[in-house]
Amino acid sequence: MDNKKIADSFEEIADLLEFQGANPFRVRAYRKGSRTIRDLAQSVTTILEDDRRKLTDVDGIGKDLAAKCAELVETGQLEMLTELHREIPSTVLQLLRIPGLGPKKAAVLFRELNVQTLDQLREACESDRVAGLKGFGKKTAETIFKGISLAAAANERIYWAEADHLVSQLREHLNLCQGIEQLEFAGSYRRGRETVGDLDILVIANEADHVMDHLISFAEAAETIMRGGTKMSLRLHSGLQVDLRVVAAESFGAALQYFTGSKDHNVVVRGRAKQRGLRINEYGVYRSEGDEQVSIAGATEHEVYECLGLPYIPPELRESRQEFEWADADDLPDLLCLKDIRGDLHMHTNATDGKGTIEEMIAAAKSRNLDYIAITDHSKRVSMARGLDADRLLAQWKQIDRLRNSLEEGFQLLKGIECDILEDGSMDLPDQVLAQADWVLASVHYGQKQSRDQITDRIIGAIRNPQITAIAHPTGRLINRREAYDVDMDSVMQAAAECKTILELNANPARLDLHDVHCAAAKSHGIQVAINTDAHSTSGMDVMCCGVLQARRGGLGPGDVANTRTWGELSEWIASP
DNA sequence: GCCGTTTTCGGCCCGACTGTTTTCAGTCG
């Protein structure tokens, strides 16, 4: 039973309880529990097995949720969930994906019309049974009907990198609008989450209407969802929602803080304001003086945090994980920046499945101000990519030797390999070949469905192999597409810490593997993380910024990241006992 | 359901917008 399954169960309970009209704070407790478990660096199973540790010590997990965790780990299921399913078919949760249809109205549809699926809802709309329900009307019925087709697609979150591309286009478009004094994108995009569900734009402008009219003229805009005096939402042709909020200059910081979130972070921020006798909303921070509400902050985020007695918390850390603990101890990490990265230690060339030559990859690296790169093509097991056997690899290294002579001072080209960890745990190339490399990545590409023990043993075997410098994309997940291997990361981290093996944070937007929580766990184990692009072309090197964001979310600073060092420093560190 | 230096009960963040209402509930972020 991994943390994800427990978190999913709690999330489903929350949905079903909400559907039943349960106490909203109870619902929230399950949602918070779900998120907490999902974000936990250690597996619940490990914590339960450890006599010295208690699940209830985890913030947000009380006696009840701890017992449910234990039940899930022991029996694989949850009596409460079975019970809930007896009353509500889980298909009704599909209804909640319809924009504008929440748990209350969905419950009415289920109770009054026995609507359990999107198809049944479509029938109900077509036979005109929805508009007559109490609390519904013609408009609501129309919105619901239109939303049914959106529901299927609406839930997909896009990669941060895709969102970033859209943000550039929107910035360009809005720069043409007169009267915008300041512009910022908030939300999960600003927090650097690996996926983004919508875009939040915040502007300072006198004429809100003018800005709204301009935004609608964006080429990708499909329809206006709603529009008021200060706020507008629209849907792009891709289905993505864009929210615009127009605020006054004196409120910009408060609004930016508010709309950057996360929701959970803001709940804590608000709680802290309350403790200090202050009130905080998206317009500012207020103190009551008699009947008056006096504004004491709002123009910048810094002053909002300051009057709550907090240092400025970088957006990437605002997930209500450890940031308040760190802030209280005046121990917020000094986060990594893109300019700290000096080398890229994972990339492919046209010798295997890459598109560029070694020379082209060198030029691309130099233009990105890198001091060194490792060429790490696939080993032979990856036959689809024409992986290298020992002979071809040694020939490539000879070519690298020749190229090194022609390189200008200060840039280093490293002999590397991404060597497969085979299904039986052995390496795809002999040790005496690997021993000649400057940098050896080991990775799993085949046998991903093996049992937890098998795949964990394979990876730990590679960690213990002295020829291996780093484990590439350690969990194998592909965001929105493929689950991680069933690997015991607690054990992997322990082994990596013991053997001084580096773990990769693969910066590819679809991988981002290690993910943020694992980055934080690696840091707490004292494991060095290498952020690499896994570029398969020269432009593939552009994704380094995605890896850096993910590392920042994990609280990593330059000292936690292997490739912030010069190659001289790093190779010395690797060679030291 | 969780939590606690106004503590074991009674709170739990807050406002914009919409549609269906005759003053507000539901949804969303």
Side-chain angles (χ1 to χ4, degrees), chain A residues 10 13-14 17-19 21-36 55-69 80 95-109 130-144 147 154 186-191 196-202 208 212 224-233 235 241-247 251 254-286 293 308 320:
Chain A
F10 286 174
I13 289 177
L17 284 176
E18 195 167 39
F19 201 88
N23 175 354
F25 297 107
R26 188 175 170 218
V27 174
R28 197 214 257 165
Y30 276 100
R31 288 206 201 286
K32 183 172 183 198
S34 167
R35 233 185 46 88
T36 303
L55 258 184
T56 46
D57 289 343
V58 178
D59 190 39
I61 306 296
K63 235 172 88 181
D64 194 276
L65 291 191
K68 289 198 167 64
C69 285
M80 179 184 185
L95 305 183
L96 301 180
R97 296 216 299 263
I98 295 172
L101 186 59
K104 292 273 161 53
K105 285 201 158 68
V108 172
L109 290 167
V130 173
L133 292 169
K134 186 173 166 58
F136 290 62
K138 223 176 140 199
K139 282 261 183 146
T140 306
E142 261 171 43
T143 310
I144 289 173
S188 52
Y189 169 75
R190 183 162 180 252
R191 299 203 308 282
V196 172
D198 63 11
L199 291 176
D200 302 291
I201 311 174
L202 209 59
M212 290 181 191
T224 305
I225 300 169
M226 61 110 140
R227 177 170 174 166
T230 60
K231 189 179 166 182
M232 179 171 81
S233 295
R235 197 175 336 270
Q241 186 171 328
V242 177
D243 297 330
L244 170 76
R245 194 72 179 235
V246 184
V247 300
S251 294
L256 185 56
Q257 196 285 323
Y258 182 84
F259 289 108
T260 296
S262 66
K263 206 170 164 180
D264 298 286
H265 176 88
N266 285 352
V267 167
V268 178
V269 165
R270 265 147 224 283
R272 294 212 170 198
K274 211 165 204 178
Q275 276 173 8
R276 294 180 162 241
L278 303 171
R279 217 170 62 95
I280 177 169
N281 57 28
E282 61 257 56
Y283 299 107
V285 185
Y286 300 90
Q293 293 279 322
L308 302 178
S320 187

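Letters A, B, ... mirror the listed sequences (proteins, then strands); counts begin at 1. Remember, it's a predicted structure, so these values are computed and weren't measured experimentally.
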Verify the contact: side-chain N or O of [X] to OP1 or OP2 of [N], cut-off strictly under 4.0 Å; return yes or no.
X: A:R270; N: B:dC12; result: no
X: A:T230; N: B:dC17; result: yes
X: A:N266; N: B:dC13; result: no
X: A:Y283; N: B:dA16; result: yes

Problem - Minimum-distance nucleotide (side-chain atoms of A:R26 versus B:dG1, B:dC17, B:dG15) - result: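 So the nucleotide nearest the side chain must be B:dG1.
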Handout entry: A:K231 side chain, from C-beta outward: closest of B:dA16, B:dT18, B:dC13
Key = B:dA16
Fill in the blank from the handout: Assign each of A:T140 and A:K274 the nucleotide of DNA chain B bearing its closest heavy atom; nearer the 5' end lies the nucleotide of A:K274
Practice task
Take A:K68 and A:L278, find for each the nucleotide of DNA chain B with the closest heavy atom, and name the residue whose nucleotide sits nearer the 5' end.
Solution key: A:K68
If you look at every strand shown and take non-hydrogen atoms under 4.0 Å, does [X] touch a base, only sugar-phosphate, or nothing?
X: A:N23; result: base
X: A:P103; result: sugar-phosphate
X: A:F136; result: sugar-phosphate
X: A:I98; result: sugar-phosphate
X: A:G187; result: nothing

Exercise for the section: Give a yes or no on whether a donor-acceptor pair under 3.5 Å exists between the nucleobase atoms of B:dG29, that is its base, and the side chain of A:Y258. Expected result: yes
Practice task
Mark yes or no for a side-chain to base donor-acceptor pair under 3.5 Å between A:D198 and B:dG29, with no hydrogen or angle criteria applied.
Solution key: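 No.
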Problem - Nucleotide B:dC13, atom P - distance to CD of A:Q275 in whole Å - result: 12 Å
Handout entry: Pairing annotation in dot-bracket form, given for DNA chain B with Watson-Crick or G-U pairs under 3.5 Å and | for cross-strand partners
Key = ((((....)))).((((((....))))))
